[in-house]
Amino acid sequence: MIISDDTLKVLQNFASVNPNLVLKPGQKVKTISEAKNIMASADIIEDFPVEFGVYDLNEFLSVHGLIENANVDFNDKSLTMSNGEQTIKYYYAETEILTQPTKDITMPDAEVGISLPESVLGQIKRAASVLGHMELSLKGENGIVTASVLDIKDATANTFDVVVDRDNNCKESFNFIVNIPNLKLLDGDYFVSISSKLISSWQNTNYPVEYFIALERSSSYGV
């Protein structure tokens with residue numbers, strides 16, 4: 001099996017959510033953060049023939065990168081990467097010691113849906129870095145939705161605001177707060193579905209990957 005560049009990018013991204021991973025047979029890969037506040041899943045073109053654990057995903061990707069165009073063969077306790085001249089034997093980790101999703105998340109009915117292009121997400125992350133803030137507010141009023149980077153504990157702190165929707169279907173007032181360090185997203189444009197039950201779904205519109213991200217308890221809807 002040759003692992004595609006798209007799948008390698010997904011695995012690299014998932015390593016930022018959780019450094020270890022359990023890969024299972026089938027064309028879907030899932031991960032969950034240690035704090036259980038981020039869960040991600042992606043459809044991939046590969047179909048891994050066995051279930052195996054990777055304790056350090058970044059290390060695995062670095063090892064894979066040692067051999068150009070490596071063909072991966074799977075055995076009972078290890079896999080081999082080879083190009084005919086070079087070979088690496090890489091042992092699986094015990095899946096029982098790794099953090100992995102135990103069930104799928106059923107997204108509640110979402111009151112709000114917002115499109116966030118990659119350019120706006122980049123602005124948000126740059127503003128957070130410059131201002132030193134960790135909260136993203138997605139605030140709606142009469143269908144106008146504004147994304148703000150701010151410190152919710154300091155009303156006098158500098159803020160960054162950008163209008164992301166001027167005619168949202170939701171006309172209720174809301175203020176959903178997301179911890180910016182939880183936005184461990186693969187590059188691309190996103191459609192964000194948000195539920196007042198304090199969970200959000202971030203669907204990449206360029207690649208079949210989805211993230212479920214918990215909202216902060218300071219969020220509000222309809223008040």
Side-chain angles (χ1 to χ4, degrees), residues 1-36 38-105 116-122 124-126 129 181-192 201-213:
M1 174 187 291
I2 301 290
I3 302 178
S4 67
D5 288 341
D6 281 346
T7 297
L8 291 173
K9 288 178 183 177
V10 167
L11 295 179
Q12 186 176 34
N13 170 255
F14 281 16
S16 69
V17 176
N18 191 320
N20 57 65
L21 184 69
V22 177
L23 289 155
K24 299 186 177 185
Q27 294 179 290
K28 188 177 286 290
V29 58
K30 301 178 184 179
T31 190
I32 192 168
S33 64
E34 292 284 353
K36 305 293 194 298
I38 311 167
M39 179 175 164
S41 67
D43 294 326
I44 58 175
I45 62 173
E46 295 82 5
D47 187 347
F48 293 106
V50 298
E51 178 177 316
F52 65 100
V54 177
Y55 183 76
D56 187 334
L57 189 50
N58 280 317
E59 178 195 66
F60 173 82
L61 293 170
S62 296
V63 170
H64 179 272
L66 291 174
I67 299 180
E68 189 173 355
N69 297 320
N71 186 69
V72 183
D73 290 313
F74 299 87
N75 305 303
D76 289 341
K77 296 184 178 180
S78 65
L79 57 79
T80 57
M81 310 174 195
S82 176
N83 63 0
E85 300 290 331
Q86 303 161 311
T87 301
I88 295 172
K89 191 172 186 178
Y90 193 93
Y91 283 91
Y92 307 143
E94 295 292 337
T95 58
E96 292 79 7
I97 67 171
L98 306 181
T99 303
Q100 59 178 308
T102 56
K103 60 181 180 179
D104 291 332
I105 291 178
L116 289 179
E118 183 176 4
S119 58
V120 170
L121 288 168
I124 288 169
K125 291 182 178 180
R126 288 194 297 273
S129 177
N182 289 341
L183 297 179
K184 302 179 185 294
L185 306 172
L186 193 71
D187 291 343
D189 303 327
Y190 281 82
F191 186 79
V192 186
S201 163
W202 299 64
Q203 291 182 306
N204 190 304
T205 59
N206 311 103
Y207 188 85
V209 61
E210 180 178 16
Y211 303 80
F212 294 97
I213 301 175

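Pairing each heavy atom of Ile2 with each of Ala70, the nearest pair is CD1-O, 3.2 Å. Contact between Asn69 and Asn83 at its shortest, heavy atoms only, is O-CB, 4.4 Å. Asn206 approaches Asn204 most closely through the heavy-atom pair N-OD1, 2.7 Å. Listed here is the closest heavy atom pair of Met39 and Lys30: CE-CD, 4.4 Å. In plain terms, the two heavy atoms of Gly53 and Leu98 that are nearest each other are CA-CD1, 3.6 Å. Of all heavy-atom pairs spanning Met81 and Leu79, the tightest one is CE-CD1, 3.6 Å.
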Point to revise | Criterion side chain to side chain contact (heavy atoms under 4.5 Å, CB included) on Leu185 and Ile213, from CA distance to verdict | key: CA-CA 10 Å; Leu185 306 172; Ile213 301 175; 4.3 Å; yes

Review point. Between Leu66 and Ile88, is a side chain to side chain contact (heavy atoms under 4.5 Å, CB included) present by the stated rule, with each step listed?
Key: CA-CA 9 Å; Leu66 291 174; Ile88 295 172; 4.0 Å; yes

Review point. For Trp202 and Leu121, what are the C-alpha separation, side-chain angles and deciding distance, and is it a side chain to side chain contact (heavy atoms under 4.5 Å, CB included)?
Key: CA-CA 12 Å; Trp202 299 64; Leu121 288 168; 4.0 Å; yes

**Study point:** side chain to side chain contact (heavy atoms under 4.5 Å, CB included) evaluation trace for Asn20 with Glu34
**Key:** CA-CA 10 Å; Asn20 57 65; Glu34 292 284 353; 4.0 Å; yes

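Note: Ser62 OG to Leu57 CG = 9.5 Å, rounded to the nearest 0.5 Å. Here the OH-CD distance, from Tyr90 to Glu59, works out to 4.0 Å after rounding to the nearest 0.5 Å. Rounding to the nearest 0.5 Å places CD of Gln203 at 4.0 Å from CD of Glu210. Taken from CZ in Phe14 to OG in Ser41, the straight-line distance is 6.5 Å, to the nearest 0.5 Å. The CD1 atom of Ile44 sits 4.5 Å away from the OG1 atom of Thr7 when rounded to the nearest 0.5 Å. Atom CD of residue Glu118 and atom OH of residue Tyr190 lie 8.5 Å apart, to the nearest 0.5 angstrom.
Classification of the Phe48-Phe74 ring pair by plane angle, with boundaries at 30° and 60°, yields perpendicular.
Within the 4.5 Å cutoff, side-chain heavy atoms of Asn13 are placed close to those of Tyr211. In this structure the side chain of Ser82 never reaches within 4.5 angstrom of the side chain of Asn71, judged on heavy atoms. Using a 4.5 Å heavy-atom cutoff, the side chains of Lys36 and Thr99 are in contact. Ile3 places a side-chain heavy atom less than 4.5 Å from the side chain of Val72.
Remark: side-chain polar atoms of Tyr92 are paired, donor with acceptor, to backbone N or O of Ser78 under 3.5 angstrom. When atom types are taken as modelled, the side chain of Ser33 and the backbone of Ile38 share a donor-acceptor pair closer than 3.5 angstrom. Put simply, the side chain of Asn58 never gets that close to the backbone of Pro19: no donor and acceptor are under 3.5 Å apart. Using a distance-only test at 3.5 Å, with no hydrogens or angles considered, no donor-acceptor pair links the side chain of Asp43 to the main chain of Lys28. Between the side chain of Glu46 and the backbone N or O of Ser4 there is at least one donor-acceptor pair closer than 3.5 Å.
More than 12 heavy atoms of other residues, nucleotides or ligands shown are found within 6.0 angstrom of CG on Asp47. Heavy-atom contacts from other residues, nucleotides or ligands closer than 6.0 Å to OH of Tyr91 number 12 or fewer. For Gln27, the CD atom sits in a packed shell: over 12 heavy atoms of surrounding residues, nucleotides or ligands are nearer than 6.0 Å. The 12-atom threshold is not exceeded at NZ of Lys89, counting heavy atoms of other residues, nucleotides or ligands nearer than 6.0 Å. Counted within 6.0 Å of OH on Tyr207, heavy atoms from surrounding residues, nucleotides or ligands total more than 12; the atom is thus considered enclosed.
Taking 4.0 Å as the cut-off between side-chain N and carboxylate O, Lys9 and Asp187 do not count as a salt-bridged pair.
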